[in-house]
Enquirer: 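First, the structure itself, so that you have it in front of you.
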Protein chains: 2
Amino acid sequence: MSTISDVAKLSGLSKTTVSRVINNHPYVSKEKKEQVLKAMEELGYTPNPSARRLRGQLTTTLGVIVPRIVNPFFSYLVNSIEQTAYHKGYQVLICQSNEDKEKELAFLNLLKTKQVDGIIMTAIENDWNIIQPFTDYGPIVLCNEYVNHADVPIIRLDQYKGTYIGVKHLIEKGHQKIAYCTGGLFDEQGKDKDRNYGYQKALKEAGIVINPKWIFVNQHTIEDGKQVMKQILEMDDRPTAVFTGSDEIAGGMMIEAKGHSLRVPDDIAIIGFDDQPLAEMLDPKLTTIRQPVDQMGEKSVEVIIEMLHNPEMKTETYEMSIELVVREST
Amino acid sequence: MSTISDVAKLSGLSKTTVSRVINNHPYVSKEKKEQVLKAMEELGYTPNPSARRLRGQLTTTLGVIVPRIVNPFFSYLVNSIEQTAYHKGYQVLICQSNEDKEKELAFLNLLKTKQVDGIIMTAIENDWNIIQPFTDYGPIVLCNEYVNHADVPIIRLDQYKGTYIGVKHLIEKGHQKIAYCTGGLFDEQGKDKDRNYGYQKALKEAGIVINPKWIFVNQHTIEDGKQVMKQILEMDDRPTAVFTGSDEIAGGMMIEAKGHSLRVPDDIAIIGFDDQPLAEMLDPKLTTIRQPVDQMGEKSVEVIIEMLHNPEMKTETYEMSIELVVREST
DNA sequence: TTGTAAGCGTTATCAA
DNA sequence: TTGATAACGCTTACAA
């Protein structure tokens, strides 16, 4: 690898001048600038990012923390972030937290050591008061995740609305017995509380009382979906519709339902969440809630880069709209 | 951020000694080692990777180049690579090439500038003679991709066998008219040539002549699958079975077939490739070729780390086995 | 067994 | 408008 000194030598100028050219500083004559550029070209010179980092420069690298990259929701989100970042001249370091607190902290440390300029968190494992101090070392943006009273930009979806319109759709289709699956708990606080609230609100407005037996917490995978359906099949009083927390759960439920000759949506209507490619491949095609993943990723990158350029920037919360995609499963 | 000097000061020892402790050098007395450790603890010290890199040390960062992270095959592969690497104390920089030659080169440059210790390539966009020179700067391992006569370790699947057993399975089921989809071309050389050969071999052994009309090249997505099925539907002489290049194509074909009341597998048998989660969710469940993605990822990381420790290591090709998963679509 | 000092490739400061 | 020099945090001869 050639260095700045090589370029200086070849162009007959000083390192300083070369550095100025690299960084587009003013006060370099056109003439010398061209000499430098030519030498750089000739040597195939690329600045060494480690040296720049060490020197305290920006690194044009962003970190993204995702829980699991194999979850399509996150892989699409990462894709959008990566593409946007690349166009803006940034690299992306993708970190998979695996829902592990320690691993999350390890990645946040990259900020401390200037490995990344900023971090986009798409999920949070540790308490905010543990994470908060890292904001001293660089911008942190929350994407698809939020914390009350956190003084960082938040790019999020209106999960409440998503659930509300989904459940309402079921009610309009004539359902009264509506089960509900969530990836979190059915608490007032904590993960997915907004979705829970959307479900409760929609039912309440329709004068429907919640049946606690039809609430399934901590559900995530296809397999979980199958299990939920099994439980439903054993009930004397079965729900006629289910609002699920993800297309995968919905898919799992559909498989199991079919295995027991239950017709969707006639015997049981099912609604997913995410609008993954899968949704269109299921039979019947899945009614689901579409989240504008690409937009979220794009916005997150824009915001974090803006913070980099303007650290005083006022932190805002950006809410993306969410929509119901009606297909055949409801 | 505290530095090595801070630790030295606090522990009353020299930077050198601290450095020795960090790097587990011998010749540090137990006593001093503990002093250092204590000081590090107290200051919450983390070595600055940029400084280490600059100094020419290993970076404990590996790069992985994938074409598209949203492709489940690659997201699972990346997942496996990331997990294995993390356990071995390495971070992973994930690079999405988007099948763009320039982007691939940009990432390979990370090796030149010591941003990553080594790179695992899961696809290759540029000609090998363009990539080859980068091996001077650090190990490159090919995973799921290969190049003849390349002097780098290769971790790959026996694609020939995968296709051969799949097509043979169709023949054993009584099919004679077997269509074939590939992501590449139907050339002797180039992408997917091994799969092509497997198809040809299986047919030849059964004394079946290939019908060129039933060869579909350059197929990748769900949408492609739909289009292929449309074309088949318009044929006077239709194939009774299709070997596809991916579960997605297979899925697309199934959707379209159903839309036209064609029964799978009775009217047309379909076989996928990859055994993605999707395969089990389709109706009928998809017969497909399973690739041991996790194993491949693991092996790639093991090999590349070994090369880092032992640069003289002889390069080998590792071939992973591949198997047929028979479900309901054949 | 420990410490001193040089150097990795940059950029910022200061002087010319 | 240009250049010499110090500094970023670390490791490694070399010396003690």
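Throughout, a chain's letter reflects where its sequence line sits, starting with A, and its residues are numbered from 1. If you're wondering where the values come from, they're calculated on a predicted model, not measured in any experiment. Values below: every heavy atom of this structure, side chains too, minus hydrogens, waters and symmetry copies.
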Enquirer: Test of understanding: with side chain to side chain contact (heavy atoms under 4.5 Å, CB included), list the residues that count as partners of A/Asp194, not counting sequence neighbours.
Expert: A/Tyr146, A/Arg156, A/Gln159, A/Tyr160
Enquirer: Tell me the interatomic distance from A/Arg52, atom CZ, to D/dA7, atom C1', rounded to whole angstroms.
Expert: 17 Å
Enquirer: Taking only side-chain N and O atoms of A/Arg53, does any of them lie within less than 4.0 angstrom of OP1 or OP2 on C/dT10?
Expert: no
Enquirer: Could you run down the sub-3.5 Å N/O contacts of the protein with nucleotides 12-16 of chain C?
Expert:
from: C/dA12; atom 1: OP1; to: A/Gln57; atom 2: OE1; distance (Å): 3.3

Enquirer: A/Thr46 near the nucleic acid: base, sugar-phosphate alone, or nothing, with a heavy-atom cut-off under 4.0 Å?
Expert: sugar-phosphate
Enquirer: Rounding to a whole Å, what distance do you find between A/Leu43:CG and C/dG9:P?
Expert: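 Rounded to whole Å, this separation is 13 Å.
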Enquirer: Using a 4.0 Å heavy-atom cut-off across all strands, classify B/Pro26 as base, sugar-phosphate, or nothing.
Expert: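 Since no nucleic acid heavy atom lies under 4.0 Å of B/Pro26, the category is nothing.
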Enquirer: Nearest whole angstrom, please: distance from the C1' of D/dT2 to the NZ of A/Lys33.
Expert: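 After rounding, the reported distance stands at 16 Å.
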Enquirer: Measure the distance from NZ on A/Lys32 to P on D/dT2 and round it to the nearest whole Å.
Expert: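 Taking atom P of D/dT2 as the reference, NZ of A/Lys32 is at 5 Å.
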Enquirer: Could you state the atom-to-atom distance from NZ of B/Lys9 to P of D/dG9 in whole Å?
Expert: 11 Å
Enquirer: Are A/Ser14 and D/dG3 close enough that a side-chain N or O sits under 4.0 Å from OP1 or OP2?
Expert: yes
Enquirer: Going by salt bridge (Lys or Arg N to Asp or Glu O under 4.0 Å), name the pairs with one or both residues in residues 127-141 of chain A, residues two or more places apart or in two chains.
Expert: none
Enquirer: Could you pull out all residues at least two apart from B/Ser14 that satisfy side-chain hydrogen bond (donor to acceptor under 3.5 Å, both in side chains)?
Expert: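 If we apply the side-chain hydrogen bond (donor to acceptor under 3.5 Å, both in side chains) test to B/Ser14, skipping adjacent residues, the hits are B/Thr17.
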Enquirer: Which sits closer to the 5' end of DNA chain C, A/Val18 or B/Glu31, going by the nucleotide each is nearest to?
Expert: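 It is B/Glu31, whose closest nucleotide lies nearer the 5' terminus.
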Enquirer: In whole Å, what is the span from the CD atom of A/Gln115 to the P atom of D/dC10?
Expert: 12 Å
Enquirer: Taking the side chain as every heavy atom from C-beta outward, state whether A/Leu62 and A/Val116 have any atom pair closer than 4.5 Å.
Expert: no
Enquirer: Give every residue pair that meets the side-chain hydrogen bond (donor to acceptor under 3.5 Å, both in side chains) criterion with at least one member in residues 85-101 of chain A, sequence neighbours excluded.
Expert: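 Residue pairs with at least one partner in residues 85-101 of chain A: A/Gln96-B/Asn79, A/Gln96-B/Glu82, A/Asn98-B/Gln83.
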Enquirer: Write down the atom of B/Ser5, the atom of B/Lys15, and the distance for their closest heavy-atom approach.
Expert: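 That closest heavy-atom pairing would be OG-CD, 3.4 Å.
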Enquirer: Of all residues at least two apart in sequence or in a different chain, which pass the side chain to side chain contact (heavy atoms under 4.5 Å, CB included) check with A/Glu41?
Expert: none
Enquirer: Would you tell me if any nitrogen or oxygen in the side chain of A/Ser29 comes within less than 4.0 Å of OP1 or OP2 on D/dT2?
Expert: yes
Enquirer: For B/Tyr45 and D/dC10, is the shortest distance between a side-chain N/O and OP1 or OP2 below 4.0 Å?
Expert: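 For B/Tyr45, the contact criterion (side-chain N or O under 4.0 Å from OP1 or OP2 of D/dC10) is met.
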Enquirer: Within less than 4.0 Å of OP1 or OP2 of D/dG3, is there a side-chain N or O belonging to A/Thr17?
Expert: yes
Enquirer: Quickly work out the A/Ile4 CD1 to C/dT10 C1' distance and round it to whole Å.
Expert: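 About 6 Å, once rounded to whole Å.
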Enquirer: Once you round it to whole Å, what is the distance between P of D/dC10 and CG of B/Leu54?
Expert: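 These atoms are roughly 12 Å apart.
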